[in-house]
S.K.: 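Here it is: the structure, laid out below.
All figures in this text were calculated on a predicted structure; none of them were measured in a lab. Atoms within each ligand, like the ligands themselves, are counted from 1 in listed order.
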Amino acid sequence: MIRKYTFGTPFPTGAVVQSLEAAAGEVPFFETGREGEKVIFRRTMTPEEMIFGLGENVRGMNKRGHLYRAWNTDMFNHSENQPSLYASHNFLIFFRPGQVFGVYFDDPGLVTFDLGESHGTEAVITSENGNLDVYLLEGHSARAIAREFRQLTGGSYTPPRWAFGYIQSRWGYAGEEAVRAVVENHRQRHIPLDGVCLDIDYMVDYKNFSWKPEFFPDWKAFNGEMKERHIRLIPIIDAGIKQEEGYAPYDSGKARDVFCKKEDGSDFIASVWPGMCAFPDFLNPEAREWFGDLYQPLLEEGIEGFWNDMNEPALFFTEDSLREGFAKAEYQRQHLDDYEGMWALGNVFSGMANNPADYRRFYHQTPQGKICHDQVHNIYGAGMTHATAEGIRRYQPDRRYLLFSRSSFIGAHRDGGVWQGDNFSWWSHIKMAMQMMPGLNMSGFLFSGCDLGGFGMDTTEDLLARFLQLGVFTPLMRNHSALHTRDQEIYRFDSWEGMRDTVTVRYALLPYLYSEFMKAALRDEMYFRPLAFDYPQDGRACRVEDQLMLGEDCMIAPVYEPNAVGRYVYLPEDMLMIRFRSGQDYDLEPLEKSDHYIALGLHEFPLFVKKGRFALLCGGGECTEELDDTRLTALGWVEGPAQYELYRDDGVSVNPQLEEGLTTLQLQGEAGKYVWQIDR
Ligand code: GLC
């Protein structure tokens with residue numbers, strides 16, 4: 001059951017697709033208070049209560065004990081004290097034995113979630129602007145509530161099947177020669193690959209929708225060449241449009257008057273990669289239409305996927321913030337004895353990027369009227385995703401597209417996926433990436449993954465190997481790294497064969513993982529879940545923070561520590577362990593419900609399949625088009641009859657229908673046998 005409670009005059013965020021009448025009275029399970037404009041929701045928690053959700057955020061799956069702020073931020077340092085990353089996903093499930101409920105704060109502005117940080121037993125959620133809808137969701141289980149939430153907010157985006165292939169990316173590929181070499185190096189070594197991302201390097205002066213001629217003398221021909229090799233080029237598009245007369249997107253944006261404005265009506269201008277930029281007003285339908293159309297020439301030439309970036313929006317500085325900084329510096333020059341002012345001055349310059357004052361300096365022209373950006377800050381990135389998706393659908397209504405964004409808000413899960421932003425080559429970031437997945441899934445973002453190998457800092461061979469082993473199971477499997485960091489394509493490392501073999505597992509599992517993903521998307525389920533969602537009665541399972549349920553029947557337990565030669569795994573029920581070395585090389589061991597130490601050499605990693613169920617491998621291939629799923633190997637601990645619903649489709653048509661794609665595969669199990677061949 002879902003109930004809606006309205007406070008003030010909420011701005012329509014686009015998150016919710018069901019129309020509900022607002023209920024009277026207080027939001028159950030909370031005490032509501034007001035302080036000026038703020039609306040504050042307080043809840044006293046029992047000691048055993050857990051809190052799942054908040055989508056893209058640091059720390060554990062159980063979010064209790066920390067303070068989070070819904071405020072989309074270009075934050076490259078994902079350390080455990082960060083209150084915000086690039087997205088706001090204000091959906092939580094409060095969970096304790098005998099009571100579970102969900103709550104969604106549909107508010108596009110700043111919301112703080114003090115989830116027991118100030119007082120261990122109190123959750124205090126504060127809407128700063130006080131204009132919001134609160135949705136209270138009740139159901140018999142966390143899974144049922146997560147499903148209900150998807151029905152409230154709409155079904156998840158489904159990418160084309162090729163997007164589940166391995167994707168190589170790097171900030172710094174200097175043109176087609178560099179990309180060709182990357183592809184060549186993968187193909188020669190039989191490292192499967194389906195796509196290469198093009199970072200801002202491909203553009204002229206980092207200007208969206210332009211191609212640097214010295215890097216890509218004939219990008220259309222090059223794109224054709226790549227397609228012949230079954231490689232998709234996936235260009236980045238940033239939110240800012242360079243303020244430069246004669247640059248077509250700027251000129252057409254000016255002509256249509258679609259940029260965000262300052263109070264005085266002039267365009268709001270701030271610095272990002274290309275220099276001073278104007279910002280498309282993604283809250284204005286006309287601006288969205290104009291921006292979406294800018295993708296058309298790329299689509300016409302056969303580009304099938306994009307990654308949208310810097311759309312919080314990231315602002316390096318504005319003329320105003322710079323002027324204020326210099327005024328403070330001038331004050332300091334004249335007050336040399338004021339050492340406190342000197343420290344403050346340092347903060348002025350180091351904190352100039354993405355500063356709150358700049359977000360108060362511009363306005364959106366929306367169907368609801370003019371509104372200051374800081375009131376609706378968190379839906380800007382979702383607006384960009386929506387503009388892109390609408391533009392693509394206008395141009396190619398019959399084909400699925402790949403789209404993943406850095407910034408997001410619930411609602412954007414209907415139009416695209418997200419990647420987790422600028423992580424580091426840190427061991428703790430493997431665990432963080434894993435822990436973020438269920439929260440993202442709860443919020444509808446099923447198509448997601450992290451920068452494998454780590455974006456910032458230099459990766460190491462063993463770190464990349466372990467990152468990839470998590471990546472085998474994340475819907476988006478992309479290796480990406482920052483400019484000037486160590487090269488981290490698989491073939492750069494001595495033990496590249498081991499990592500190649502890891503990627504072959506992804507391809508062997510791909511028909512199965514795709515099937516699990518599509519069933520989850522089309523049934524409003526989560527693809528990744530905390531163990532608590534499947535075993536709520538098992539107090540031990542509820543507290544597991546480093547394993548995830550995957551699809552209907554599986555569990556993963558990646559290694560995330562250096563020099564590890566194995567790890568402990570808690571099995572909440574009897575399962576078959578598949579210890580992979582490659583798509584063709586694995587061993588199988590039935591394990592009973594309990595704790596187990598699993599030995600895992602550097603290039604070994606496990607998948608656990610529930611007893612009585614089975615997972616499927618195909619013969620593998622070097623790109624998704626090559627995969628042949630007519631003959632499948634079933635792996636399971638099955639002692640009687642068992643069946644599996646395999647979902648297949650053409651991988652590109654829109655509105656995939658579950659019933660049309662399902663085939664039931666059956667097998668007759670017997671004690672001591674774990675492998676079967678199934679001809680579909
Ligand atoms: C941002 C993105 C990152 C990208 C870089 C350059 O930091 O998050 O993925 O490589 O910008 O475009």
S.K.: Tell me which pairs pass side chain to side chain donor-acceptor pair (under 3.5 Å) where either residue lies in residues 435-447, with sequence neighbours left out.
M.R.: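 Side chain to side chain donor-acceptor pair (under 3.5 Å) check on residues 435-447 returns Gln435-Glu545.
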
S.K.: Please determine, by modelled atom types, if Arg170 and Ser481 share a side-chain donor-acceptor pair under 3.5 angstrom.
M.R.: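 Arg170 vs Ser481: donor-acceptor pair found between side chains.
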
S.K.: With a 6.0 Å cut-off on the ring centroids, do Tyr507 and Tyr166 count as close?
M.R.: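 Not close enough - the centres of the two rings lie 6.0 Å or further apart.
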
S.K.: Write out each pair where an N or O from ligand 1 and one from the protein are under 3.5 Å apart, with the distance.
M.R.:
unit_1	atom_1	unit_2	atom_2	d
ligand 1	7 (O)	Asp422	OD2	2.7
ligand 1	8 (O)	Arg406	NH1	2.9
ligand 1	8 (O)	Asp422	OD1	2.5
ligand 1	8 (O)	Asp422	OD2	3.3
ligand 1	9 (O)	His480	NE2	3.0
ligand 1	10 (O)	Asp199	OD2	2.5
ligand 1	10 (O)	His480	NE2	3.0
ligand 1	11 (O)	Asp309	OD2	3.1
ligand 1	12 (O)	Asp199	OD1	2.5

S.K.: Under 6.0 Å between the ring centres of Phe259 and Trp290?
M.R.: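 Ring centres of Trp290 and Phe259 closer than 6.0 Å.
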
S.K.: Any donor-acceptor pair under 3.5 Å linking the side-chain atoms of Tyr491 with those of Arg500?
M.R.: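 Side-chain D/A pair, Arg500 to Tyr491: absent.
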
S.K.: Would you mind checking if Glu245 and Lys254 are paired as a salt bridge, meaning a charged N to carboxylate O distance below 4.0 Å?
M.R.: no

